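Okay, structure first, notes after.
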Number of protein chains: 2
Amino acid sequence: MSKLYTEMTKEELLAEKKSLKKRYDAFKARGLKLDMSRGKPGADQLDLSTGIYDVKYYIADGLDVRNYGMLDGIPSCKQLFADLMGVDSKNVVIGPNASLTLMYDYIGQCYTHGAGDKPWCKLDEVKFICPVPGYDRHFTICEYFGIKMINVPMNLDGPDMDAIEELVKDESVKGMFCVPKYSNPQGITFSDEIVEKIAALKPAAKDFRIIWDNAYCIHDLVDDGDELLNIFDILPKYGNEDMVVEVCSTSKITFPGAGVSAIIASDNNIAQIKTRLNAQTISYDKMNQHRHVQFFGNADGVREHMKKHAKILKPKFDMVLKHLNDELGDKGIASWFNPKGGYFISLDVMDGCAKRTGELCKAAGVTLTTVGATYPYGIDPKDSNIRIAPSFPPVEELDIAAELLCICVRLACVEKLLEK
Amino acid sequence: MSKLYTEMTKEELLAEKKSLKKRYDAFKARGLKLDMSRGKPGADQLDLSTGIYDVKYYIADGLDVRNYGMLDGIPSCKQLFADLMGVDSKNVVIGPNASLTLMYDYIGQCYTHGAGDKPWCKLDEVKFICPVPGYDRHFTICEYFGIKMINVPMNLDGPDMDAIEELVKDESVKGMFCVPKYSNPQGITFSDEIVEKIAALKPAAKDFRIIWDNAYCIHDLVDDGDELLNIFDILPKYGNEDMVVEVCSTSKITFPGAGVSAIIASDNNIAQIKTRLNAQTISYDKMNQHRHVQFFGNADGVREHMKKHAKILKPKFDMVLKHLNDELGDKGIASWFNPKGGYFISLDVMDGCAKRTGELCKAAGVTLTTVGATYPYGIDPKDSNIRIAPSFPPVEELDIAAELLCICVRLACVEKLLEK
């Protein structure tokens, strides 16, 4: 098959549909139960870190980390994150088991106490910029706090900066969530030019805040992974030190749910965060912080560890990409980005065909991320984006699931074209 | 010495002062550095739980707890807390490493989203009832959210219910923090009558919430510890199921900062908490939850473990009480409560003498909890309450620190009486 679907006659489409339906039914008959819905590490990835619990002594930096104290984290763990992220340890606060909570709590703090200006709960309207497609959990936080989300398209080098520069002229636009490296779901890393433009923004709102969710900061799949500019090196040039709050975690380095997170911010922002933390906790889990430091030794130790993850993950991504190429490469009905890292492959199909693809997959036993979830309010205006999470299933299962997914995409598109 | 200080002549007081000053100076010359400021477990108590990390397999309830999921905790851990607290596991949500965070987050939730009525941030004024003396961290949460605190005195059987019944007639009075068992700092357990009266309250505010901080639920020092009525058994009688939100944790069972916390509430409240949690986290640390379940086996296992803590703590409390009895027992200048559990001894000295006692102690190398901290805004109106935390120092150190404390109390009181 090398003919574009869009150039097929009705008869050709009907024939194509018939042949696809036959393949689809054969898959369906197998009673599959496969899951490509969430960016969960596989069990073999989790096994890489179980040695972390061999740590037996809990004296760190001269202190018994089993006891109360050290609100912002143990010094050695702050230093580890400072080294990884290229910042000063005074600008690092170690958080709980997930950076999601750090983000939620930070937005909560802005909502109840503001970010240097009025508390956001006292304002009539708060809006956030959302590069799309994006991460559903960011949207959920906005939705919970009643923050109105405004879509901005992602380009191949990052978000559409013309649109953003226009939007920030509105004082009620108070911030933006983004994943600057190996973005969720596309795997796009913001180019140096985009990072510079973001750092140079002049928002009308003095308390504009960018949540720089660097979830995949060292999560390369290949040796020549993407490089992301350190935005904290650039912000001072524009007097914008307080504009960006960065988070990261070991959720996909050690354990999802039992890792360590960190928040990185300016002196001013760190001071406000610590004021809140002083009411919210006595300290996060310092034993876990200490274990992480002991297990990795230093930042290079973490980077070495990530190569083991890549070795497991790369074949999974390759398997999905092979099927996308084989089945969808020459039909003019789908496009995707081939990421050098991160946890997802983002597949864009013909407008109006994503939901139907998800339904067909589900009926044949393959669960995808809920179609639409990559957009605010769960509404993909074009109904075209599908997030594929290849990390959890074994390669053999991905082989089946990805082929089936491609068949479903083709079927959905043929159905759509036949409607016309 | 058996004469009351208040009955001494000026000459007798001067002689007493001279003799006390001599003892005080001798202590001061020793260059002590002792800490009775915080309710920290001793290192030997922490050693009781290090075996928890011997757990090697992380499959619980058929699921790999190292991975994402299970927002409200693993079922076996929910059941463990349900058994300990005498509730249904559906009314338990497992939280992060500290119940303090659960309380902060719950008040934050009421502030941003309300508790079934208007969000508290939309109201002109929110007031909370604070039984005093109380726990400084509760006051800090209120202060952070701008909640106005109203003192209500603690009696020997719990808070003054006449005062509370009067206060709740004010619709802007939205809640109360309390520690119903082995209260911080007095170690008082609310009597059955008081618990019943609390459960029967008819607050004007429909969204009145009592934070039932059961921090010392199983923290007995003696075999015949106090029994606290389970308020959740009584609330339905008065249609008040939603009025109480209970928290507890293993901070003083396993590790402060690396334990597991739980929040217990009505179906309605749990639903609201889960809605928030769904935006705030994917799950708390389930590996730690699983370790706790494996280490203890069941609720009886936890109770047995607490006997080991009591064995370490009881001699420490006894040492402090011995000195209080010996030095302050017959002077008419101090009173204290002899608790059957918890982490503190609350010492009330002659009005206007607590701060001075703290100063004298500090100058001689003994740190007490900041005097005043047991009251909202750090203001003890009578300047009389001192919180003693005997858990952290070894018995030998307590022997010295408690004697010195008593000397300081006596000196401060003599000074005060001489002013008249």
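In what follows, chains carry the letters A, B, and so on, assigned in the order in which the sequence lines appear, proteins first and then strands, with residues in each chain numbered from 1. Just so it is clear, the structure is predicted and the values come from calculations on it, not from any experiment.
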Next on the checklist: Apply side chain to side chain contact (heavy atoms under 4.5 Å, CB included) to residues B:Asn97 and A:Tyr284 and explain how you reach the verdict.
Outcome noted: CA-CA 7 Å; B:Asn97 64 326; A:Tyr284 292 116; 4.3 Å; yes
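Going from atom CG of B:Asp47 over to atom OH of A:Tyr58 covers 12.5 Å, rounded to the nearest 0.5 Å. The OG1 atom of B:Thr50 sits 7.5 Å away from the CE atom of A:Met287 when rounded to the nearest 0.5 Å. Here the CZ atom belonging to A:Phe255 is positioned 12.5 Å from the CG atom belonging to B:Asn288, to the nearest 0.5 angstrom.
Within the 3.5 Å criterion, the main-chain N or O of A:Gln280 finds no donor-acceptor partner in the side chain of B:Arg137.
Applying a 4.5 Å heavy-atom cutoff, the residues of residues 62-72 of chain A that approach chain B are A:Asp64, A:Arg66, A:Asn67, A:Tyr68. Against chain A, the residues from residues 115-122 of chain B that qualify, each with a non-hydrogen atom under 4.5 angstrom away, are B:Cys121, B:Lys122 in number order.
Evaluation of the salt bridge (Lys or Arg N to Asp or Glu O under 4.0 Å) rule for A:Arg38 yields A:Asp136 as partners, not counting sequence neighbours. For A:Glu143, the salt bridge (Lys or Arg N to Asp or Glu O under 4.0 Å) criterion is met by no residue, not counting sequence neighbours.
Among A:Gly259, A:Ala43, A:Ala98, the residue with the largest count of heavy-atom pairs under 4.5 Å with chain B is A:Ala43. For chain B, the option among A:Gly42, A:Pro256, A:Ser283 with the highest count of heavy-atom pairs below 4.5 Å is A:Pro256.
In this structure, chain B has no heavy atom under 4.5 Å from any part of A:Phe139. Using a 4.5 Å cut-off between heavy atoms, B:Ser99 does not touch chain A at all. If you measure heavy-atom distances from B:Thr112 to chain A, the contacts under 4.5 Å come from both the backbone and the side chain. When heavy atoms are compared at a cutoff of 4.5 Å, A:Pro96 does not approach chain B at all. For A:Ser49, no part lies near chain B; criterion is any non-hydrogen pair under 4.5 Å. Both the backbone and the side chain of B:Asn278 come within less than 4.5 Å of a heavy atom of chain A. In this structure, chain B has a heavy atom under 4.5 Å from the side chain of A:Tyr111, while its backbone stays farther away.
The 12-atom threshold is exceeded at NZ of B:Lys56, counting heavy atoms of other residues, nucleotides or ligands nearer than 6.0 Å.
Between A:Ala258 and B:Asp285, the shortest heavy-atom contact is CB-OD1, 3.4 Å.
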